[in-house]
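See below for the structure under consideration.
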Number of protein chains: 2
Amino acid sequence: MKPIEFWLSVGSTYSYLSLMRLARVEAGTGVRFELRPFSVRAIMVEMDNIPFATKPVKARYMWRDIQRRAAGFGIPASLPAPYPLEGFDLANRVAIVGRQEGWCRDYLLATYRRWFQHGAPAGSEPNLSDTLREIGQDPERVIAQSDAPETEAAYAAATGEARAKGIFGAPSFIVGDELFWGDDRMEDAVRWSLAGPSV
Amino acid sequence: MKPIEFWLSVGSTYSYLSLMRLARVEAGTGVRFELRPFSVRAIMVEMDNIPFATKPVKARYMWRDIQRRAAGFGIPASLPAPYPLEGFDLANRVAIVGRQEGWCRDYLLATYRRWFQHGAPAGSEPNLSDTLREIGQDPERVIAQSDAPETEAAYAAATGEARAKGIFGAPSFIVGDELFWGDDRMEDAVRWSLAGPSV
């Protein structure tokens, strides 16, 4: 069975819930997820899709909803986490390097934990270097590589691939040609992957 | 146990899924829902919250998502349904009259079925009069009452009440002071109602 593509940007809040329960969902169902970092912000800006920044009522709801959902999943969270992220693009270019080098998942889990459990924004110091050291990577080398033109190009290419698949938010899950948007569609994506098309 | 407030506007697409499984959720859990029609459009315009009208990629996804979710719930649907509704406000003022007179739920179920299963837009003819006759109401009398100033005032008051509760979309569920937004939070609302606060 092909892995489910799990498209996310560091900076997406609901992606925290999906990341934290990823291992449990894989163990419980036998599916596998492949992490695909991209710039959801670039696509949302293009679409004039601004769900929270100018909508305080909706932003307040979002944090409360994540708090309740995290509690329901037994996931620790100290909310609201710092938002939005100043280091958004760097955080995601590091993930791109991590994908090329095989430590993308470890990085995402660790940087999100520091962000959502300890209030240290992802993509900025000290989260960035502490996370990289935690997963056995040299911060100086990785950050230099993350700022290199080929990483920028790979990040733009991933975003283009997401756009071509009709992705407009994060987290998004792709099973074959089928798009599922949101942590609350993770189970739908798993069912689709296991049982095939139902409609 | 107090009923869960189920705030909706005829015109909301995901509300179809919640309405169609309302009786089943009530029978399966013992909770009751109280239907509260309001103008989600008025609140969304105030918030510059335009999820679909200017976002074709997201609108396409929405219909596909509803189609998959409806299939998963065993709910018939012929999609995409006509959208948005020209008769949005009239459809909801009729629901306001129905709430005052005790046939709001029957009306909503019947008008949504005609809209989502047979392609006849809610709030317009022939859906409106056919629906009212189907549930034993006189269309001429009800439509006149729906256009009366006191109904307009009750509709505005309901919308103000929704705004005061922090509601920004439909369907929304209120349990005590707790807001749950979206058909995909219906189960969360039920759990909250049965088990009380968890966080």
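Lettering follows sequence order; numbering is per chain, from 1.
Within residues 87-106 of chain A, no residue approaches chain B closer than 4.5 Å by heavy atoms. The interface of residues 64-81 of chain A with chain B, defined by heavy-atom distances below 4.5 Å, comprises A:Arg64, A:Asp65, A:Gln67, A:Arg68, A:Arg69, A:Ala71. For residues 152-178 of chain B, heavy-atom neighbours of chain A at less than 4.5 Å comprise B:Gly166, B:Phe168, B:Glu178, sorted by residue number.
With a threshold of 4.5 angstrom between heavy atoms, A:Trp192 approaches chain B through side-chain atoms but not through N, CA, C or O. For A:Arg185, the part lying near chain B is the side chain, with the backbone staying farther off; criterion is any non-hydrogen pair under 4.5 Å.
Around the CZ atom of A:Arg32, the shell of radius 6.0 Å holds no more than 12 heavy atoms that belong to other residues, nucleotides or ligands. Taking a 6.0 Å sphere around CD of B:Glu125, one finds it holds more than 12 heavy atoms contributed by other residues, nucleotides or ligands.
The salt bridge (charged side-chain N to carboxylate O under 4.0 Å, His left out) contacts involving residues 6-21 of chain B comprise B:Arg21-B:Asp183, B:Arg21-B:Glu187, where partners must be two or more places apart or lie in separate chains.
With salt bridges taken as basic N to acidic carboxylate O contacts below 4.0 Å, none links B:Lys55 and A:Asp48.
Each of A:Asp188, A:Val57, A:Asp184 has some count of heavy-atom pairs under 4.5 Å with chain B, and the biggest count is that of A:Asp184.
Cluster membership for B:Val199 and B:Leu194, using ILVMFWY side-chain heavy atoms within less than 4.5 angstrom, is shared.
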